[in-house]
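What follows is a short report on a single structure.
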Amino acid sequence: MSYILVLYIYAGMLAKGDSVTLQVIPGFKTEAECTAAGKASAPLVQGSAKDLRFVCLKGGAA
């Protein structure tokens with residue numbers, strides 16, 4: 001079993017304009033590894049008006 005990290009970054013309420021990005025990153029061996037990578041992505045939006053959400057999904061066999 002492997003896990004897929006899905007990152008969703010969007011313009012928050014205080015952002016000027018609008019923008020959304022979705023990134024899919026496959027290949028994590030454990031859910032804990034995937035979750036750690038999701039949490040480590042927080043600096044991508046630090047200091048901006050954007051919000052980041054992530055989810056780890058079960059994928060197929062590695």
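All values derive from a computational prediction rather than experimental measurement.
- Atom CD of Gln23 and atom CG of Leu44 lie 10.0 Å apart (nearest 0.5 Å).
- Taking 4.5 Å as the limit, some side-chain heavy atom of Thr35 sits within range of a side-chain heavy atom of Phe54.
- The two atoms that bring Glu31 and Cys56 nearest to each other are O-SG, 4.4 Å, heavy atoms only.
- Counting heavy atoms from C-beta on, the side chains of Leu57 and Val6 come closer than 4.5 Å.
- The nearest pair of heavy atoms linking Phe28 to Leu5 is CE1-CB, 3.6 Å.
- A donor and an acceptor atom, one from each side chain of Lys50 and Ser19, are located under 3.5 Å apart.
- With a 4.5 Å cut-off on side-chain heavy atoms, Ile9 and Val45 count as touching.
- To the nearest 0.5 Å, the span separating OH on Tyr10 from CG on Asp51 amounts to 4.0 Å.
- From Tyr3, atom OH reaches atom NZ of Lys29 across 14.0 Å, with rounding to the nearest 0.5 Å.
- Atom OG of residue Ser48 and atom CD of residue Gln46 lie 9.0 Å apart, to the nearest 0.5 angstrom.
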Derivation of the side-chain contact (heavy atoms from CB on, under 4.5 Å) call for Val20 and Tyr8: CA-CA 7 Å; Val20 175; Tyr8 175 66; 3.3 Å; yes
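- Across all their heavy atoms, Ile4 and Gly59 have their closest contact at CD1-CA, 4.1 Å.
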